[in-house]
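Note sheet for the following structure.
Below, each value reflects all heavy atoms present in this structure, side chains not excepted, and no hydrogens, waters or symmetry copies. All values derive from a computational prediction rather than experimental measurement. Naming convention: chains lettered A, B, ... in sequence-line order (proteins, then strands); numbering from 1 in each chain.
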Amino acid sequence: MLIEVKNLVKEYRNEDVITSVLRGLNFEIKKGEFVSIMGPSGSGKSTLMHILGLLDRPTSGVYKFDGRNTENLDDNELAMMRNEKIGFVFQAFNLLPRTNVLENVKLPLLYSKKKIDAETRAKKVLESVGLGHRLEYFTNQISGGEKQRVAIARALVNEPEIIFADEPTGNLDSKSGIQVMEIFQKLNDAGHTIILVTHETATAEYADRIIKIRDGEIVGDEKVHNKRRGDGNGQLK
Amino acid sequence: MASNKVRTFLTLLGIIIGVTSIMIVFSAGQAVNGLLNSQISSFGTNIVETEVKVPTDKKKSGTSGEISSAVSLSMGTQITTLTLADMDKIDQLDNVIDSYGAILGQNQITFADQRKTITLFGANASFINIDQSKIAEGRFFTDAEDRSLAKVAVIGSKVKTALFGDSDAVGAQVKIGNLKYEVIGVMKERGAAGAGLDFDSYVYLPIRTLQKRVLGINYVLYLVSQLKDPEQSDATAQAITGLLRDSHHITPDIDPATGQATTNKDDFRITTMQEMIKTLSTVTNAMTILLLAIVAISLIVGGVGIMNIMYVIVSERTAEIGLRKAVGARYADIMGQFLTESVLVTFVATIIGVILGVLVSWLISVGATSQGIDWQFGLPFYSFIVAIAFSLLCGIAFGLMPARKAARLDPIVALRNE
Ligand SMILES: Nc1ncnc2c1ncn2[C@@H]1O[C@H](COP(=O)(O)OP(=O)(O)OP(=O)(O)O)[C@@H](O)[C@H]1O
Ligand SMILES: [Mg+2]
């Protein structure tokens, strides 16, 4: 089991006001699954993803990642786990400004202990998302869809166990959005575990399974019957 | 971006000015030291000078210090105890090759229809051998002429120009006071020797001629003795002290604390050039250190500027820091990144400061040289090391807090900060 969550609780405490964001979640995600986490705005999707992605810690409950209880890991160990096992794709792309596409994708390798040729690896991943011709472009010189594909390449560059994507299509037009979803689907077909956060049913249905949350509680956890597939216009071969 | 650069440059000004000042202080320190040393060695380094001094009251001594002969003259107390007889005794000392006595006076010199008030410098014939002064034309007076109170004069180069222009001075008759003197020589130009001494404007007379015929006295202002071994100058100074206390009938007070004889009753003061060089370099070094301390404060102010820039950079890059953390940057990675940046920014400022410092130091030396001051341009190697090391230290010290702030940023907060 890649992810095991038991009674996961997250609360924010601001001057005696306690905001309960996650209220006792329980679920498991296997290696190789493509799961959507769906819910309305403010339901706690991003908060959950940050905890699952080891960027944040739960207030209480147990979170086992890859069989390890994350409670016992210190900040540096968490940083190393994020570097080696996790890839993130954010709604706002979060690319480095004044830096070219290639350097952006190489970024995780800068903090990696693995001895791999960063340049070659980053180029290969960029080609796989159809951006082999944009290596030297600066991030302000490419389109939103291309930006998000750069972000996906960056998430993939260190060959992570799992990819988290928080509203990856939120800032894209529908065509670019579909392209991005197709890439995720192909990655999943190739064996990558993918967790997608979204509030749109249409986007959520690219996954095999949808976990629905509302007000910090799971209100549904179902297989997708009519799984969406791209029409093949995606750039991934 | 452009206004960003202006802002960065302005905050870097502190470091730039600080480093520039360090370079100027070091350069000026070296130049002043060189200037003083060259002036001292223009008097010769292997000499001991014995000058008159007003004995200090035992009760007042220690606080008021000793009164120099110049001050005592203006106060109307003239010490008359130092004589050529003392000089003869000093000449008997083993380490002393030869000495000359000197006295100054003022009088009018007349040639043809020109009349000038000049400084008369009376010295023994040995002056020309001991002092650095050289004869340009004619000759200096002899010991025999001195002892016979001969009416001969040697004139300084400026006096020659003023009275004779381009025509011959040697052999001419000039009137000093009411007596006629034969000009037997002209001194080589020497340039300003500091302390207000202008040897080129003097008229040199045999000391006894000046004492007896012009001033009507028989004491001297100071004695200069040339030594065989300058290393032994302290011992020789001791010997002269003993000898003069003996002949001037001085019983020195004993300092109860040290059991040593004190100099407060002495009516003379002995200065070795060795000692003078030491004293002067102590003074210039102290000045340099004091100035550096002030400069260090300005660098610290500059460091606060660096800290300011770094805080701005960190807050502008909050999202970037969050992203780096998300992809696996650890505390030390972020810390290192921002410290490096702080050092880099400081280093750029330092290099600008070093270049400006060298430039300004050079301009000062050019300016001073054009004013006739012997101001050598130069910077000791360690000044570069001190300037660079100190400013980089500032870069690290003042980059530390902003870098720590960056390294401690919660990735969630940083990522939500879009
Ligand atoms: N630092 C915090 N302090 C207090 N409350 C917080 C904090 N961070 C998030 N919250 C609250 O937690 C709740 C869930 O936030 P979260 O970002 O997880 O929602 P979301 O489901 O991702 O919403 P969206 O679809 O709009 O992105 C929100 O009500 C938010 O106000
Ligand atoms: Mg969200």
Please classify the contact between [X] and chain B as side chain, backbone, both or neither, with a heavy-atom cut-off of under 4.5 Å.
{"X": "A:Asp75", "value": "neither"}
{"X": "A:Thr47", "value": "both"}
{"X": "A:Lys113", "value": "side chain"}
{"X": "A:Leu110", "value": "side chain"}

Flag the pair A:Lys106 and A:Glu103 as a salt bridge only when some basic side-chain nitrogen lies within less than 4.0 angstrom of an acidic carboxylate oxygen.
yes
Validate the cation-pi geometry between A:Lys10 and A:Tyr12: distance from NZ or CZ to the six-membered ring centre under 6.0 Å, angle to the ring axis within 45°.
yes
Between CE of A:Met81 and CD of A:Glu84, what distance do you get to the nearest 0.5 Å?
9.0 Å
A:Phe65 and A:Tyr63 aromatic ring geometry - parallel, tilted or perpendicular at 30°/60° bounds:
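Perpendicular, since the angle between the ring planes exceeds 60°.
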